[in-house]
Protein chains: 2
Amino acid sequence: MSRNDADAESDGDHLLKVLGALNNPHRLRIVAALTHDRNYVSRLARETGISRPLLHMHLQRLEAAGLVTSTLELSDDGKAMRFYEVTPFVYQLTPDSIALATETLSRSGQREETR
Amino acid sequence: MSRNDADAESDGDHLLKVLGALNNPHRLRIVAALTHDRNYVSRLARETGISRPLLHMHLQRLEAAGLVTSTLELSDDGKAMRFYEVTPFVYQLTPDSIALATETLSRSGQREETR
DNA sequence: GGCATGTGTCAGCTTTTCTTGACGCGTGCC
DNA sequence: GGCACGCGTCAAGAAAAGCTGACACATGCC
């Protein structure tokens, strides 16, 4: 696996987060849309037909999983705009890779704490 | 992708189903447990510490996604036992593969109908 | 018969996720 | 000022997923 060393999270927990991030038709579409080229929130909302608050939430889920990144930029006419783009992630899902990741899964059913 | 032709489901919808099936710590553990060797429900329940009704539900979710298969067999002492084993699935998750699958996703937010 | 083991299902509760419709803030332009 | 366009957040409802404790059936064994 190839993640930043700084983020202290087991591979198992990370995989689960990625799976959770991708487990949604809207979020799949968002990733697809950003694959072609980066975009800012309001425009992405228009193009995908997703309401802005909703899109905002989905983007955060994707960003939390490390699948997209965002940067705040100022346009020529002085407006603050948040641009999103996909990270070049690669995840291989096989019984073995899952078995491996599962070894480093935190306790049972508990959801990951955002402390 | 390498699925059965008989199941009429788009790649996009199928991918979503697989992601949904794997998006759960219990189900990841179940896949891991079955990777080593096949097992029957009650024993798997004991070994994983998951209640039988719950395990039953998780197994069905995995089976519906095609990640595990089951066969009903009769043990020497005449008991009917359902054995589960993993299928040798391989899924590659990248922005491009997702963009591709997304093209064949059924309409927007609607959940897949089981008609 | 009573008990252990296996199978499966159902109702009902709790928790999480999804979604919408307000709000708030800022800027530039006519 | 009023409008259009960016940004973000909050409360609250609707829908889905997760989980538990019954209950049903079957078999073999003492």
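Letters A, B, ... mirror the listed sequences (proteins, then strands); counts begin at 1.
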Hey, does the side chain of [X] come within less than 4.0 Å of [N]'s phosphate (OP1/OP2), counting only N and O?
X        : N       : value
Asn24(B) : dG18(D) : yes
Ser42(A) : dC5(D)  : no
His26(A) : dT19(C) : yes
Arg27(A) : dC18(C) : yes
Arg46(B) : dG6(C)  : yes

Whole angstroms only, please: what is the [atom1]-[atom2] distance between [X] and [N]?
X        : N       : atom1 : atom2 : value
Met57(A) : dT17(C) : CE    : P     : 8 Å
Leu19(B) : dA17(D) : CG    : P     : 13 Å
Phe83(A) : dG8(D)  : CZ    : P     : 12 Å
Ile50(A) : dT20(C) : CD1   : P     : 9 Å
Leu62(B) : dA17(D) : CG    : P     : 14 Å
Leu54(B) : dC13(C) : CG    : P     : 18 Å
His58(A) : dT16(C) : NE2   : P     : 18 Å
Lys17(A) : dT16(C) : NZ    : P     : 16 Å

- Within 45° of the six-membered ring axis of Tyr40(B) and under 6.0 Å from that ring's centre, is NZ or CZ of Arg82(B) located there?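 No, a cation-pi geometry is absent between Arg82(B) and Tyr40(B).
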- Item | Donor-acceptor pair between Ser106(A) and Asp13(A) side chains, under 3.5 angstrom |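 Side-chain D/A pair, Ser106(A) to Asp13(A): present.
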- Message: Apply side chain to side chain contact (heavy atoms under 4.5 Å, CB included) to residues Tyr91(B) and Leu67(B) and explain how you reach the verdict.
- Response: CA-CA 11 Å; Tyr91(B) 291 99; Leu67(B) 303 180; 4.0 Å; yes
- With distance as the sole test, does Thr94(B) use its side chain to make a donor-acceptor pair with the main-chain N or O of Val90(A) at under 3.5 Å? no
- For Ser70(A) and Tyr84(A), indicate whether the former's side chain and the latter's backbone hold a donor-acceptor pair under 3.5 Å.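 The answer is no, because no donor-acceptor pair under 3.5 Å joins these two groups.
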- Criterion side chain to side chain contact (heavy atoms under 4.5 Å, CB included) on Thr48(B) and Arg29(B), from CA distance to verdict: CA-CA 8 Å; Thr48(B) 57; Arg29(B) 273 188 243 274; 5.5 Å; no
- Item | Worked check of side chain to side chain contact (heavy atoms under 4.5 Å, CB included) between Leu93(B) and Leu19(B) | CA-CA 10 Å; Leu93(B) 295 181; Leu19(B) 289 169; 4.0 Å; yes
- Message: Counting only side-chain heavy atoms from C-beta out, which of dG18(D), dT19(C), dG6(D) sits nearest to Tyr40(A)?
- Response: dG6(D)
- Take nucleotides 25-30 of chain C nucleotide by nucleotide from the 5' end and write B, S or -, depending on whether a protein heavy atom sits under 4.0 Å from the base, only from the sugar-phosphate, or from neither. -BBS--
- Task: Classify the nucleic acid contact of Arg61(B) as base, sugar-phosphate or nothing, counting any heavy atom under 4.0 Å across all strands shown.
- Result: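 Contact class for Arg61(B): sugar-phosphate only.
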What are the atom names and distances for every N/O pair under 3.5 Å that joins the protein to nucleotides 8-10 of chain C?
residue : atom : partner  : partner atom : Å
dG8(C)  : OP1  : Arg82(B) : NE           : 2.3
dG8(C)  : N7   : Arg52(B) : NH1          : 3.1
dG8(C)  : N7   : Arg52(B) : NH2          : 3.3
dG8(C)  : O6   : Arg52(B) : NH2          : 3.0
dT9(C)  : OP2  : His56(B) : NE2          : 3.4

- Item | Shared hydrophobic cluster for Leu100(B) and Val18(A) (ILVMFWY, side-chain gaps under 4.5 Å) | no
- Query: Of the non-hydrogen atoms in Leu15(B) and Ala101(B), which two are nearest, and what is the gap between them?
  - Reply: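 Residues Leu15(B) and Ala101(B), closest heavy atoms: CD2-CB, 3.8 Å.
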- N-O pairing of Glu73(B) and Arg38(B) below 4.0 Å: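 Yes, this pair counts.
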